[in-house]
Each structure stands twice: as C-alpha cells, then as structure tokens.
Amino acid sequence: QTCALPISNSQSRNRFGSVGAGWTGAKNYLGANYGYDDTRFGIPVVEEGHIESTPRRHSLTVRGGGQDLNGLFDSFRGTLSVKRYKHDELNLGEVDTAFRNDTDEIELMGAHRAAGRLKGSLGVWFLNRGFGATGEEALSPNVDQRALSAFLYEEMTWPHVTMQFAGRAEHTRYVPADEGSRSFNTGSGSVGLLLRPAAADDRLIVAFSLARAARYPALEELFYFGDHPGNFAFEIGNPNLNPEHARGADVSLRWRGPRASCEVGYFRNSIDDFIFRSPLAPVELRARRTEFERRFPRETTAARIGESLASAGLDGAFPVVEYVAADSVLQGLEAHGDVSLMPSLTLEFSADYVRGKLKHSGEPLPRMPPLRFIGGLRYQHNAFQVGGDISAVATQDRVFDTESPTDGYQLLKVFASYSFATGRATSTVTFRVDNLSDALYRNHLSFIKELTPEMGRNVKLVYNVRF
C-alpha cells in the first residue's frame, strides 16, 4: 500500500530457485544451470481490480570453453541458453489470455592470439524465438523470429594509451501468422580511446568514444494491437517501422586513489527514427480507423477499436498509444564516487540526468527520468554490514504532449546483513526497510502514475544460501 491508502489488487507472490553444476580441467571447463521462476501479481485499477498475471519461466544455460590453447585462438567460449516463458492474464481467476515466449540462443566467441599490440575477440550469435498469444486480449498473432549476428572487439595497447574498436552486423526476420513478414539488416560500430597520463601514476583515465549503433524494432512495437493491462494502455504497433540509427559520442573521467574514487561521464546520441509511444486521442483513433483496419487485417481489429472508443473517458479506460518514430536527441550526465572515511566506513554518492527531445520541434520526449541524486553510508566489519542511503529526485516538468508532470521527492532506505558459513555453503540474512519515512511520491516512469502513487514504507527480510 501507499502511505495514503491501500491499493486494491496490488499483491504479489514470487517463488524462484536455481541449481547448477560445473567441471573444470587444466585448460577446459563445462557448466550448466537450471532455474525456475513462478510469480503471481495483481494489476491494480484495471477491470475494477480483477486482473492478475502469472508469469512462469524455465531457463537452462550450458556454458563451456577453454583457455591457454595453442593455435590461432588462445581461448574460446560457447553458450547455449534455452528459456520457456508463459503467463496467463486472469479475470476473477479465469484465464482471459495466455502468452508464451520461447527462446533458444547460441553464442560462440573466441579470443585470438595477440598480433603485435593487437588483441581481441570475435564471435557469432543466433536466436530462435517463438511468441504466441491466445484468448480475448491476444495482442499479436503468433510470431516466429530468427536472428543471426557476427561481432568483433579489438584493442591496441601502449603504456599509457589504449585504442579500442568494435563492430557488429545483424540480420533478423519476423514471420507473423497470416500477416506480412519483416526483415532487417543492421550494423553497428564504435571506436574508443583510453588515456592514462603518466603524471597521474595510472590513477586517472580519460575515455573517449564514438559510435554508430542500430536497433531493429521489437516484436511488440511492430505487431501489438489492443489492450495491454501490464502497460495500462491500448497499444497500436506499426509493421512499417524502420530500424533506429544512432550516432553517439561520450567522454568520461575516472580517478582512483587509495581512499577514494570517482567517475564522471557525459553522452550525446542523435537517433534517426527513434521509436516511442505517442498518445492518440479518441478523435484521432476514430479518424484513422480505416488505416488501422488495413494495418492489422485481423478479425478482432474493428471490434477492439469500437470498444476503445465506447470506453473513452470512463474510469479505468486504457489510454490509446501508438508506436511512432521520429528523429531525436538524447544526452545526459552520470557521476559516481566513494570515499573511505575510516577503514570500515564508506561514503557513496551518485547522480544522473537524461534530457531527450525531438530533433525538429525541440519538444521533450516522453518518459524521461528526472534528475536524481543518491548519497549513502555503509559500515562493514568482517561479515556484518549496515548502512543506508537517501535518494533525492527532482520535479519533472519537461513533459511530452499529454504527459503529466511529477513532483520531486526524497526516499530513505536502511539495511543490515550478516553472512556466516553453513557447512560448505554461505548463508546471508538481510534486513531492509525501503521508504523508511513513508513518503508519498509518484514515479515519473510509471504507466499508472496518474492513478496511484508508489509503495509506502515496506520491510523485507531475506535469507540467501550460496553453495
């Protein structure tokens, strides 16, 4: 609940576990890990608080490799990852819609032997994905996705200078059932320079980088059409979206001393066809109805538009958002530091800020995080540690179109933990209190910030075993 009132249907339950095993030889290794997550949580506000979601995931990862080898490659690594995910959306305990998202990934990477000052690695990655949705609120047809990429990373090192460069080429193809397929070919590349001035005795690093990056549209941005309770929106995708292409630069300063360290960085990205969610008023939805029926030739399209128009303005009605693309600029600052006040007492602080705008109009991009500062103290003695931090978040009033501004707030968190040996395992008990002051606040990035504030004071007691 919030500090003001309880929020109906905001309960959650999570169960998870994992087990792994491995073998290590003189030059080779092989390991595997299996994990299972089972979660059930309510979705407040929606459908009078009757909707619940039940995500479940099986994951299996197998990894093997070798090192100190002879030949062109002196080390290699291979990874197989298999995930089976599904969740049901329940209405009064009955399944309304069922989703599945199955992925198989293979990655092979090898580090080649040094050629003079040049050292690096290269590899390939493959993805096989099957997405499916059935039921009243199925947002998309079944979609198969295949992706293949090749990548490399190289660096050349001198006593006080390191030059880095990397590249990636990728192909992906989406094949939705009974609708047109989409294929994308993208490429990314970057160059970087690390300077370690001799006068600073390797305590100071100045880093520069330039990059051209590409991102192809996600399945959700292409094919979704309908109510999405998890995002509290009626989402409209666009199968005609193009990949994003960004040109970016960043610079950072890193300093490490015997009792203190800090890092400050600035980045700027100019992005062509940046994809984001843009609100759509009911009058616009009505005017473009024929366009959307042609874009999504499904039996449910006309009915869903009609239901959305009929519920517009009513309590609990989903706002309509469309995935669109526009040329944009994102830039920001990040800083982090820590100071050892005493051998067991450390002061930590960080700050970050991101500013985004549409390139041609200068209008702010939606869902930009406000300026944030975090400062804290941590005391550690052997296996015991205790600490706390305060987060100060500024008002965000640079908002997009119909987006609502949010007030600034401060949050206080405290924690304590103790680790001890239990046989061959290590046990850790952690006690934590979030939002200790029970502050009433709204997260600017929340999809439901206009409807409900964030959680009030909450207490967690966690027992963890590592073996």
_Cationic N near anionic O, under 4.0 Å, D68 to K27_ = no

_Checking S261 against D338: is there a side-chain donor and acceptor pair closer than 3.5 Å?_
yes

*Candidate pair F276 and F400, rule ring pair (Phe, Tyr, Trp, His ring centres under 6.0 Å), full reasoning*: CA-CA 11 Å; F276 61 95; F400 175 79; 5.7 Å; yes

*asked:* Between S361 and E363 (side chain of the first, backbone of the second, donor and acceptor by atom type, cut-off under 3.5 Å), is there such a pair?
replied: yes

*Does any donor atom in the side chain of T395 or D407 lie under 3.5 Å from an acceptor atom in the other side chain?*
no

*Consider only side-chain N and O atoms of T61 and N33, and report whether a donor and an acceptor are under 3.5 Å apart.*
no

_Stepwise salt bridge (Lys or Arg N to Asp or Glu O under 4.0 Å) test for E322 and R295_ = CA-CA 12 Å; E322 181 184 12; R295 183 185 295 183; 3.2 Å; yes

*asked:* Looking at M156, is its backbone amide N or carbonyl O close enough to the side chain of E154 to form a donor-acceptor pair, meaning the two atoms are under 3.5 Å apart?
replied: no

*Can we say E179 and R298 salt-bridge, meaning some charged N sits less than 4.0 Å from an Asp/Glu carboxylate O?*
yes

*Would you please say whether a donor-acceptor pair under 3.5 Å links the side chains of Y34 and H58?*
yes

*Test of ring centre spacing under 6.0 Å for H112 and F73*: no

*Can a donor-acceptor pair be found between the side chains of N269 and R247 at a distance below 3.5 Å?*
no

*So does M163 have more than 12 non-hydrogen atoms from other groups sitting under 6.0 Å from CE?*
no

*Which residues satisfy the salt bridge (charged side-chain N to carboxylate O under 4.0 Å, His left out) test with R15, sequence neighbours excluded?*
D38

*E220 side chain to H228 side chain, donor-acceptor N/O pair below 3.5 angstrom*: no

*For F184, enumerate each residue passing the side chain to side chain contact (heavy atoms under 4.5 Å, CB included) test, keeping only those at least two apart in sequence or located in another chain.*
T172, Y174, R182, Y216, P217, L222, P243

*If you measure from the Lys or Arg side-chain nitrogens to the Asp or Glu carboxylate oxygens, is any gap between D88 and R56 under 4.0 Å?*
yes

_Tell me whether the count of non-hydrogen atoms from other residues, nucleotides or ligands lying under 6.0 Å of NZ in K449 goes above 12._
yes

*Just checking, is any N or O donor in the side chain of S328 or K357 under 3.5 Å from an acceptor N or O on the other one?*
no

*Aromatic contact, F232 with F447 (centres under 6.0 Å)*: no

*Does R168 count as lying over the ring of W125, i.e. NZ or CZ under 6.0 Å from the six-ring centre, within 45 degrees of the axis?*
yes

*Sequence neighbours left out, what passes side chain to side chain contact (heavy atoms under 4.5 Å, CB included) with F373? Give chain and number order.*
F349, A351

*Is the backbone N or O of F296 less than 3.5 Å from a side-chain atom of T301, with the two atoms forming a donor-acceptor pair by type?*
yes

_Can you tell me how the ring of Y409 sits relative to the ring of Y441, calling it parallel under 30°, perpendicular over 60° and tilted otherwise?_
tilted

*Can you establish whether the number of heavy atoms outside D178 located under 6.0 Å from its atom CG is more than 12?*
no

*Between H336 and E263: side-chain donor-acceptor atoms closer than 3.5 Å*: no

*Could you tell me whether E235 and R277 have a side-chain N and a carboxylate O separated by less than 4.0 Å?*
yes

*Can S340 and R259 be counted as having a side-chain donor-acceptor contact under 3.5 angstrom?*
no

*Any Lys/Arg nitrogen of E284 or R289 sitting under 4.0 Å from an Asp/Glu carboxylate oxygen of the other?*
no

